[in-house]
There are 2 protein chains.
Amino acid sequence: MRAQVLDNLRQAIIERQFAPGQRLIERELVELTGVSRTSVREALRELAAEGLVTAVPNKGTVVASVSAEEARQLYEVRSALEALAGRLFVQNASQAQHAALVRALQRIEKLAAKGAPVLAAKDAFYDVLFEGGGNDALRSVVAGLHARVSLLRWLSLSVPGRPVESIGELRAIVDAVLANDADAAARACSRHVEAAGRVGLQALAAQDGT
Amino acid sequence: MRAQVLDNLRQAIIERQFAPGQRLIERELVELTGVSRTSVREALRELAAEGLVTAVPNKGTVVASVSAEEARQLYEVRSALEALAGRLFVQNASQAQHAALVRALQRIEKLAAKGAPVLAAKDAFYDVLFEGGGNDALRSVVAGLHARVSLLRWLSLSVPGRPVESIGELRAIVDAVLANDADAAARACSRHVEAAGRVGLQALAAQDGT
DNA sequence: AGCGTCTGATCATCATACAATCTGGTCGCC
DNA sequence: GGCGACCAGATTGTATGATGATCAGACGCT
């Protein structure tokens, strides 16, 4: 199916199997994926809509690369949106969802203590957060942005010390939520994104420098 | 080209030439637009990515309809984003852009005084606002939401008295901007969206009732 | 009436073909 | 030798016809 192809390509791009800026030639993708050109084209169109590739007319599609300025803007938007997510969680989440958020944080802390990869657990944390907010539109918009900054996320998690710092920020979110303080939760979410953004931009700059 | 077809379809949907919920059959669109199935399919995929139509596998695509709950959520997100837009304008806009914002408001007021349609002028106002903020990512995200609520906008502008009220809210934005008060600008933008949302939801409820 | 089946409509995917466009290099001219 | 026109290859854009899959509803059987 096309969805399968699409997921494979998306994954490949996020995992840097295709370098940013690299041309994605339809014929090559055809023989690489085994599906027809029609399906490849439609998959590319969807990726373009997600912002993971950019299509230039009559020239082809290339893997999108985030400039420092774009990245900064994306983080700015995400900051505002995740602030809203935090606020909505405080306003709308059930008792069970509060508990689930706490559990998600504990899971992250446990993994981090072992030095295990923490990325999937963080995604779970955010799932709970958005779920509790009860705004699917918000969730899908953030998901759209998420794809575009995922390259940077890949970088920023490799920065030493960042996971520890990051968990502290998450704890601040949970604390504010448990205190039923919507404003504080919003600020905590905002700060978390901003901190991630700073690290991401630094990593980007370091990479461009080398 | 495909872009042409896409624009036509988008316009047709926004202008209610296709009723929400109506099935869009590929073959019909082929003979209606004169282009091939390939192009029609790709255009439909893009519209689906924008959220203007929903595609159900093996069943076809139907014109999207916004439920009251979805609309509420969309306005909630827009409120947060436009607050950011207002804040960024205060922080980043040039002197010339400040002046342009004032001019845009005056143009709206002049049109409204004559009872002329004010929608295009309002779009121009927002163009200036986002331009001055200097965050293209924000602009494109909002544009994406905009498409999905445009059906409601169509409704809410037909509510008597709304234009007048709306202009007052815009003036509040401009006042805050001229006072260089970023927080106030953010709040004013937020309030404007929320007010529009309330009217839109009322109009939606009234329509569903009849 | 209830149930399974069959049929028609429609989408999904594919293979192929051809035109339009871009890229890069070559050739001829100065 | 340098410069521009032109040509060939590559790639995308669009079109077309065919085939399989899937769904909704009609139909007939019990």
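Here is the naming used below: chain letters follow the sequence lines, and residue numbers restart at 1 for every chain.
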Salt-bridge criterion met for [X] and [Y] (N-O under 4.0 Å):
X        : Y        : answer
A:Arg10  : A:Glu46  : no
A:Glu69  : A:Arg72  : yes
B:Glu169 : B:Arg162 : yes

What is the distance, to the nearest angstrom, from the [atom1] atom on [X] to the [atom2] atom on [N]?
X       : N      : atom1 : atom2 : result
A:Glu42 : C:dC14 : CD    : P     : 10 Å
A:Lys59 : C:dG24 : NZ    : C1'   : 13 Å
B:Gln4  : D:dG13 : CD    : C1'   : 16 Å
B:Gln22 : C:dT10 : CD    : P     : 13 Å
A:Glu26 : C:dA17 : CD    : P     : 18 Å
A:Asn58 : C:dT23 : CG    : C1'   : 13 Å
B:Leu29 : C:dC11 : CG    : C1'   : 13 Å
B:Ile25 : D:dC23 : CD1   : P     : 17 Å

Does a side-chain N or O of [X] approach OP1 or OP2 of [N] to a distance below 4.0 Å, or not?
X       : N      : answer
B:Thr61 : C:dC11 : no
A:Arg41 : D:dT12 : no
B:Arg2  : D:dT14 : yes

Proximity to the side chain of [X] - top-ranked nucleotide from [options]:
X       : options                : value
A:Arg45 : C:dT10, D:dG13, C:dC14 : D:dG13
B:Ser36 : D:dA15, C:dT13, C:dA17 : D:dA15
A:Arg27 : D:dT11, C:dT10, D:dT12 : D:dT11

Return the 5'-most residue of the pair B:Gly60, A:Ser39 with respect to DNA chain C, ranking by each residue's nearest nucleotide.
-> B:Gly60
Specify the residue among B:Leu24 and A:Thr38 whose closest nucleotide of DNA chain C lies further upstream toward the 5′ end.
->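 Closer to the 5' end of DNA chain C: B:Leu24.
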Please work out which of the three classes, parallel, tilted or perpendicular, describes the rings of A:Phe89 and A:His98, given edges at 30° and 60°.
->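 The arrangement is tilted - the two ring planes meet at 30° to 60°.
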Output, in order, the C-alpha distance, side-chain angles, deciding distance and verdict of salt bridge (charged side-chain N to carboxylate O under 4.0 Å, His left out) for B:Arg148 and B:Glu70.
-> CA-CA 10 Å; B:Arg148 286 161 79 177; B:Glu70 283 169 342; over 6 Å; no
